[in-house]
There are 2 protein chains.
Amino acid sequence: MGSGKGNVTIKDISLKCGVSVATVSKALNHYGDIAPETAELIRKTAREMHYIPNTAARQLKTNTSHNIGVLFVDEMNSGLTHEYFSGILDAARAEAEGLGYDITFIGKNMGGRPMTYLEHCQYRKVDGVLIANVDFSDPGVVELVRSGLPVITIDYAFDSTSCVMSDNMEGCYALTSLLIEKGHRKIAFIHGERTSVTNKRLVGFNRALRDHGIEPDDRYIVQGRFHDPKKSREATRYLMELPDPPTVIMYPDDFSYIGGMTELEKMGLSVPQDVSTAGYDGIPISQFLRPKLTTYHQDAEQIGKVSVRKLVETIENKKTCIPEEISVSGYVLEGTSVASLQAAP
Amino acid sequence: MGSGKGNVTIKDISLKCGVSVATVSKALNHYGDIAPETAELIRKTAREMHYIPNTAARQLKTNTSHNIGVLFVDEMNSGLTHEYFSGILDAARAEAEGLGYDITFIGKNMGGRPMTYLEHCQYRKVDGVLIANVDFSDPGVVELVRSGLPVITIDYAFDSTSCVMSDNMEGCYALTSLLIEKGHRKIAFIHGERTSVTNKRLVGFNRALRDHGIEPDDRYIVQGRFHDPKKSREATRYLMELPDPPTVIMYPDDFSYIGGMTELEKMGLSVPQDVSTAGYDGIPISQFLRPKLTTYHQDAEQIGKVSVRKLVETIENKKTCIPEEISVSGYVLEGTSVASLQAAP
DNA sequence: CTTTGTTGCGAAAACGATTTCGAAAGAATG
DNA sequence: CATTCTTTCGAAATCGTTTTCGCAACAAAG
């Protein structure tokens with residue numbers, strides 16, 4: 001049934017109902033100047049005939065696609081295979097679908113020929129774009145953000161657009177505080193690249209130390225990389241070979257911790273007896289590791305959802321919608337990777 | 001620069017070049033009946049004016065979108081957050097982009113109102129669709145497969161369409177054989193739901209046993225679920241509490257193994273001293289676990305790539321392209337989770 | 001000088017929707 | 001009855017592209 005090649009169009013409906021195509025279009029779009037009975041008849045027959053609007057035609061005329069672009073980093077396996085981001089993407093997809101939007105990936109080339117992100121967006125006529133996990137200093141990204149196309153950035157703030165942030169400062173503050181309350185004083189922090197996320201975490205970290213009267217120790221702050229187990233192995237070894245090693249190491253993310261964990265093991269150190277550890281992200285697997293990882297869970301689902309909501313809001317009320325920074329809070333997931341040091345000051 | 005709202009169209013080019021829009025279109029599409037110099041001039045000015053074709057208009061006229069749909073399961077966190085599938089998706093995205101196709105997610109509702117997968121595909125006018133990790137007996141999926149739209153399924157074979165399969169039979173054969181060569185005889189197999197993937201693995205498993213003269217033992221074959229650590233914890237406990245427990249347990253996937261691992265630990269059993277283990281998938285994290293997991297690496301990247309290639313081939317040569325089953329082979333990743341039992345028969 | 005064949009190009013009709021503007025018919029008003 | 005509003009609808013233009021078909025112009029052939 002319904003195997004006919006040509007899909008049913010607005011014209012077919014108009015013929016069947018004995019009205020013009022204009023009337024059909026207006027009825028379907030709930031215009032005010034159509035008699036209620038006529039409109040109902042039209043909508044009913046449209047349903048019966050399994051009418052599906054032709055997006056291309058609509059898009060051509062209205063210049064809107066009901067399609068939002070998603071710009072995640074491609075290269076390396078840090079884009080879709082990063083659980084935090086794939087969680088965001090998955091939630092975003094679901095939310096967009098509910099709001100009547102589809103999602104299209106935006107890349108930097110198309111059919112061999114290179115293309116800027118903006119051009120790709122124009123090519124697909126996306127109504128807005130969600131940007132996450134990219135190098136925000138990339139000229140292509142900046143061009144896109146400046147283009148006037150509705151944009152939401154995730155975990156990075158431009159002042160011209162709205163952004164959704166995980167509560168990195170509060171999260172890192174809470175996590176650090178927990179460690180301190182457990183009696184730790186020599187707290188190492190392997191952080192990620194110097195992005196705004198890292199900066200916020202450092203602020204939270206330092207604030208927690210200060211609020212508890214602890215002097216920050218530069219030797220314990222070392223730069224690693226997000227989602228890079230190798231880099232964090234190196235950093236872990238460096239830290240544990242210090243003359244006065246830390247009693248706990250905070251990692252930039254759970255995945256990086258896995259690298260550190262193997263290095264500690266290789267050094268014959270066990271967690272949490274010899275050294276405590278904490279992650280960040282709270283990805284599912286972290287709770288299946290032994291010892292169960294103490295980590296800060298970022299609410300990826302909520303972040304994806306909120307991002308799309310805000311983006312659609314921006315798209316649909318472009319003039320009245322002012323840029324806003326939305327923070328989504330997570331919570332500490334307490335595992336067994338942090339030992340309680342009873343030696344009080 | 002280029003901040004004008006209206007994009008440059010084929011008409012602008014025709015004006016600038018003093019030719020008709022028809023000529024421009026033909027030049028841009030490399031038709032034969034345009035003088036080489038004229039064509040070159042047109043293409044040059046198009047480039048200079050930063051012309052971007054309007055996909056909507058083209059799509060409306062040609063009824064092709066250069067857009068492929070992707071149908072991954074949504075609900076639960078087994079879709080995008082499953083590393084095997086997100087690896088496939090990422091590779092597919094990259095390959096599609098190179099071939100001039102964009103990717104759009106296909107869902108089962110649109111803007112609140114429910115919609116079949118097929119309707120969604122028609123709505124977005126995707127040229128073809130990639131299906132993976134879904135319930136292949138779902139009527140909506142079957143409808144889509146039967147619709148005549150070019151379709152590629154991953155890890156499941158319909159006879160009307162092409163499919164790309166990981167070499168489950170060979171993979172499971174190789175993995176099982178390795179265990180046997182290590183001296184294991186009492187080999188347990190926690191397998192996934194009864195899908196064609198599971199069936200193929202069971203064939204490989206049984207064949208390996210038979211080829212080595214080992215009698216299969218039904219008690220050691222238990223049904224778990226893919227990507228479900230809880231289920232595999234139960235199965236693990238069940239197996240290890242048997243009067244005559246196995247010496248090695250094979251899991252349906254690496255993620256499930258993590259569940260089993262925690263259960264073994266809770267039972268006071270250590271790997272591989274007390275029992276050996278093997279996973280499946282070879283996701284990155286498996287190689288950072290201690291002990292490093294022995295597993296079969298499925299080449300997700302290659303699978304994604306090949307799937308898109310075949311799909312595009314099907315789209316572009318719809319008549320001449322015959323359904324085909326493509327197998328992508330992986331390899332054993334040998335870790336330290338399997339003990340060598342020197343007790344030969 | 002006619003006929004036939006090439007070659008290069010353009011006019012115009014689609015594709016399927018949206019939207020403006022006005023027309024017709026009936027209702028309300030004077 | 002004439003006039004003015006409302007209400008309900010339709011004709012037609014439009015979005016940007018592709019594609020068919022035919023028209024010139026000019027060369028080759030008779």
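Convention: sequence-line order gives letters A, B, ...; per-chain numbering from 1.
Taking the six-membered ring where the residue is Trp, the centroids of A/F105 and B/F105 are separated by under 6.0 Å.
Between the NE2 atom of A/H66 and the C1' atom of C/dA17 there is a distance of 14 Å, given to the nearest Å. The NE2 atom of B/H30 sits 15 Å away from the P atom of D/dT19 (whole-angstrom rounding). Atom CD1 of A/I10 and atom C1' of C/dT18 are 8 Å apart (whole Å). B/N7 has its CG atom 14 Å from the P atom of D/dC15, to the nearest Å. Atom CG of B/L15 and atom P of D/dG16 are 13 Å apart (whole Å). Rounded to an integer number of Å, the gap from CD of B/Q59 to P of C/dA17 is 12 Å. The OH atom of B/Y31 sits 17 Å away from the C1' atom of C/dT7 (whole-angstrom rounding). Residue A/L60 contributes atom CG, which lies 12 Å from atom P of C/dG16 at whole-angstrom precision.
At C/dT18, one or more side-chain N or O atoms of A/N29 fall inside 4.0 Å of OP1 or OP2 (strictly under the cut-off). Contact annotation: B/Y51 side-chain N/O to D/dT17 OP1/OP2 distance is under 4.0 Å. Using a 4.0 Å cut-off, no side-chain N or O of A/T9 falls inside it from OP1 or OP2 of C/dC15.
Salt-bridge annotation for A/K305 and A/E97: absent, with no side-chain N of the basic residue lying under 4.0 Å from a carboxylate O of the acidic one. Salt-bridge check for A/E143 with A/R146: failed, with every basic side-chain N at 4.0 Å or more from each acidic carboxylate O. Between A/E313 and A/R309, no side-chain nitrogen of the basic residue sits less than 4.0 Å from a carboxylate oxygen of the acidic one, so the salt-bridge criterion is not met.
Looking at heavy-atom distances under 4.0 Å, A/S25 makes contact with a base.
Using modelled atom types and a 3.5 Å distance limit, the side chains of A/N67 and A/T104 yield a donor-acceptor pair. A/N133 and A/Y156 are not linked by any side-chain donor-acceptor pair at a separation below 3.5 angstrom, with hydrogens and angles left out of the test.
Between A/F72 and A/F85, the angle of the ring planes goes over 60°, which puts this pair in the perpendicular group of the 30/60° scheme.
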| remark: Protein heavy-atom contacts under 4.0 Å, written 5' to 3' over nucleotides 5-13 of chain D as B (base), S (sugar-phosphate only) or - (none), form the string ---BBBB--

